[in-house]
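Report on the structure given below.
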2 protein chains.
Amino acid sequence: MNYETIKIACANCNMRELCMPIGLTQDELNRIDEMIGSRRKVKRGETLFHNGERFTNLYAIRTGFFKTCITSEDGRDQVTGFQMAGEIIGMDGIVNDYHSCDAVALEDAEICAMPFAQIEALSREVNALQHHVHKIMSREIVREHGVMLLLGSMRAEERLAAFLLNLAQRLHSRGFSQSELILRMTREEIGSYLGLKLETISRTFSRFVEDGIVAVKQRHVHILNTSALQDIVNPK
Amino acid sequence: MNYETIKIACANCNMRELCMPIGLTQDELNRIDEMIGSRRKVKRGETLFHNGERFTNLYAIRTGFFKTCITSEDGRDQVTGFQMAGEIIGMDGIVNDYHSCDAVALEDAEICAMPFAQIEALSREVNALQHHVHKIMSREIVREHGVMLLLGSMRAEERLAAFLLNLAQRLHSRGFSQSELILRMTREEIGSYLGLKLETISRTFSRFVEDGIVAVKQRHVHILNTSALQDIVNPK
DNA sequence: CGGCGTGTTGACTGGGGTCAAGTGACGTGG
DNA sequence: CCACGTCACTTGACCCCAGTCAACACGCCG
């Protein structure tokens, strides 16, 4: 049996509590299940959608890790976020019916494509779904406020510390260790997200290692002193 | 008759095409009218809502000018946006039922408070309203992507040039001159938004004046050479 | 008229960018 | 299984843009 054809119901998906509203009736869950058009694999390096592509779906990440990035007219690149299992991407496309950023898999991934027209139709009938969609978009707006604060007023050490804490916290809430993590992105991609150059990321990692705050071996990061990181982000 | 009590119907509001979906029937428009709870004045310097306040409404700006800003634990301040007539604010509050930023009037303003619960209820029945709400939130997400690009990869001149062009464009689409504008915010607030210090804003303005790109007299800005500004934003 | 908030300008500093060299991990193909 | 090439990363030297600190100017309002 080809794994790709298995239809895993939302009801049985271990990401459900992250990407679906809670407290749905069985009937409502079934209807959402029907809405999910296709589950698809995206190989590392492939794009799930790209700038200029017609918008039709939101995507729920089942497994894997993505980055989203925009490119300005003159070729500047900016990573706007890193997304992991249970998170929803594609909302940039709603406003103009075209995506305005690229979503690239940083490791092999599986996603659920959810036709947005059907999300809208169903959320007219299932209040919890409607409110959930609003919350997801609001959450993204608030997250971006935080990134603006980081980009607008933090120094390199503070940015990287905040980045590591955020990643660790999100991984932890998915059942992974809160102190050990594997970076799925390059130093350059971290730098782009944080508004820094890759050399600065590298140097800042080295300083953290010197100070005994983290241990770094390639993309394996071990956070040795969480509160020191927190003190860097929020100097008293 | 007290002006504050006048109820101006959405149907007659000259901001309608900016904050409302187009193509509504008269009946739908009337229902939206009923939804608008209160029209209220906010004096310059007053806050419309603030961080930590319970979220109940979205607000449509009828007249006036606002800034939204967040404050980090250690007291850092970041202006996350400037909003003008026809724009909707308050969407940060949806995700947690509490606002996570402050909205401060930079000039005397009038707003329409729209109870979000009623927006949700009505948008279950009026498809155009539902889609409009989604588009507004998506637009905000995309706008913030642009700010991230600006903060993450632009130099001071580029940031200020992009800021001025954006302001001028938005004012122009509201029927104002596309070359003359009055800044409603201080240099410090511009700086906060652009991730720069007020001295840098001041110096960059001076350089633009030297180069004959703009004329500046206090908060009155006259854009003399739009394409020069565009070249600064997008160096070829 | 005087005081304060806002803006301008100068001198100096420093954090992060730039450029360059070198190292190490990994995958591919012989 | 090893040689090689590529890509990612690290580190150093130097530079420059924006931050910092400080003095001063201007306009507004009491």
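In what follows, every chain begins at residue 1, and chains take the letters A, B, ... in the order their sequences are listed. When reading the values below, keep in mind they use all heavy atoms of this one structure, side chains included, and skip hydrogens, waters and symmetry mates.
Using modelled atom types, one finds a donor on one side chain and an acceptor on the other under 3.5 Å when comparing Thr68(A) with Gln83(A). In summary, the side chains of His145(A) and Glu144(B) do present a donor paired with an acceptor at a separation below 3.5 Å, with no hydrogens or angles considered. For the residue pair Asp102(B)/Thr47(B), the side-chain donor-acceptor check at 3.5 Å is not satisfied.
By the 30° and 60° cut-offs, the orientation of the rings of Phe82(A) relative to Tyr193(A) is perpendicular.
The aromatic ring centroids of Tyr59(B) and Phe49(B) lie less than 6.0 Å from each other.
A salt bridge between Lys41(B) and Glu46(B) is absent, with no side-chain N of the basic residue lying under 4.0 Å from a carboxylate O of the acidic one.
dT6(C) atom P lies 17 Å from atom CD1 of Ile182(B), rounded to whole Å. Here the P atom of nucleotide dC7(D) and the CD atom of Gln218(A) are 16 Å apart, to the nearest Å. One atom, CZ of Phe208(A), and another, C1' of dT10(D), lie 16 Å apart when rounded to the nearest Å. Protein atom CG of Leu106(A) is 14 Å distant from nucleotide atom C1' of dA8(D), rounded to whole Å. Counting to the nearest Å, the P atom of dA25(C) and the NE2 atom of His220(A) are 12 Å from each other. Between the P atom of dG19(D) and the CZ atom of Arg76(B) lies a distance of 14 Å, rounded to the nearest Å. The distance between atom CE of Met154(A) and atom P of dG15(C), rounded to the nearest whole Å, is 17 Å. Residue Glu158(B) contributes atom CD, which lies 14 Å from atom C1' of dG17(C) at whole-angstrom precision.
As judged by a 4.0 angstrom heavy-atom cut-off over every strand, Arg219(B) is placed among residues touching the sugar-phosphate backbone only.
Considering only side-chain N and O atoms, Ser202(A) lies nowhere under 4.0 angstrom from the phosphate OP1 or OP2 of dA8(D).
Residue Glu188(A) qualifies as open at atom CD: its count of foreign heavy atoms under 6.0 Å is 12 or below.
In this structure, Gly195(A) and Leu151(A) approach most closely via the heavy-atom pair N-CD2, 3.7 Å.
Residue Glu107(A) forms a side-chain hydrogen bond (donor to acceptor under 3.5 Å, both in side chains) with just one option from Arg44(A), Lys43(A), Arg184(A), and that option is Arg184(A).
Judged by closest nucleotide on DNA chain C, Arg159(A) is the one of Lys217(A) and Arg159(A) placed further toward the 5' end.
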Please write out the pairs of protein N or O atoms and N or O atoms of nucleotides 13-17 of chain D separated by less than 3.5 Å, giving the distance to one decimal.
unit_1: dA13(D); atom_1: N6; unit_2: Arg203(A); atom_2: NH2; d: 3.3

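The stretch residues 184-201 of chain B comes close to DNA chain C through Thr186(B), Arg187(B), Leu198(B), Glu199(B), each having a heavy atom under 4.0 Å from the strand.
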